[in-house]
Amino acid sequence: MKITSVNFIKSAREPSQYPKSLLPEVAFAGRSNVGKSSLINVLVNRKRLAKTSTTPGRTRLVNFFVINDLLCFVDLPGYGYARVPISVKMDWGPMVERYFRERENLRLVILILDVRRDPSENDLSLIEWFRFYRICFLVVLTKIDKLSKNQIKIRQQRIKEILGLSLDSNIALFSAKTGEGKGTVWKEIEKMTSTQK
Ligand code: GDP
């Protein structure tokens, strides 16, 4: 998609604060420091739209951005960062689950995992919610520039097993450093939001 405009709309903690407009929505989830901001920034060709974090775990709210006045990107709070206070950690589950449960225009969640790491408990909770609330999701393995093709294949297999995904299920490979996989991720977004342009 050719990006003509990207506008930050607002940050929200709960549904009453979500934007009223119901454009097709795509949400991005992942543990702190996984590369979520970098992925969003590459997708929309912006250097610093989503904050690339020097202090991981800082973005603790649900952030809404409108792309081309056509669809909405939602940057969900990261999770799993050790130095975050316990109160903030406890906030994450209910805040995110509520978003999944109540946001009727949500079309797709992109779950970002570091290709080198096994999925965490929180990653698995997300997958459970997607299944429970019947939300379409795409798993994106990022930082693939750090491994060889062969290592990526092995990791991909292992991550599928841990997540309980069938071996032929769709997992995208991505690198914010090289831009590899950007087209694949966009294709999936356009398919799920019917916004091919
Ligand atoms: P977030 O906390 O999930 O938003 O993670 P960031 O986007 O801030 O990225 C965390 C760190 O990983 C930063 O130092 C990024 O430069 C780095 N990073 C993110 N994506 C990639 C990638 O695809 N390849 C490499 N080599 N580094 C990446």
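Just so you know, these numbers use all the heavy atoms, side chains as well, and skip hydrogens, waters and symmetry mates. Read the numbers this way: they start at 1 and go in the same order the structure lists the ligands and their atoms.
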What I want to know is whether Phe174 and ligand 1 share at least one N or O pair that is separated by under 3.5 angstrom. no
Check: of Lys143, Glu180, Arg31, Lys36, min heavy-atom distance to atom 27 (N) of ligand 1 comes from Lys143
For the 3.5 Å polar cut-off, considering only N or O atoms, please tell me whether Ile144 and ligand 1 meet it. no
Identified ring pair (Phe, Tyr, Trp, His ring centres under 6.0 Å) counterpart of Phe65 within the set Phe28, Phe73, Phe8: Phe8
Say whether Glu25 and Tyr18, considering side chains only, have a donor N or O and an acceptor N or O under 3.5 Å apart. no
Ligand 1 versus Asn33, non-hydrogen atoms closer than 4.0 Å: side chain, backbone, both, neither? both
Strictly under 4.0 Å, does any heavy atom of Gly30 approach an atom of ligand 1? no
Nearest heavy atom to atom 4 (O) of ligand 1, choosing from Ser37, Gly181, Ser175, belongs to Ser37
Counting only heavy atoms closer than 4.0 Å, does ligand 1 sit against the backbone of Thr142, its side chain, both, or neither? side chain
For the residue pair Ser120 and Asp123, confirm or rule out a side-chain donor-acceptor distance under 3.5 Å. yes
Arg103 and Asn105: side-chain donor and acceptor closer than 3.5 Å? yes
Taking 4.0 angstrom as the limit, do Asp91 and Arg13 come out as a salt bridge? yes
Arg101 atom CZ: more than 12 heavy-atom contacts under 6.0 Å: yes
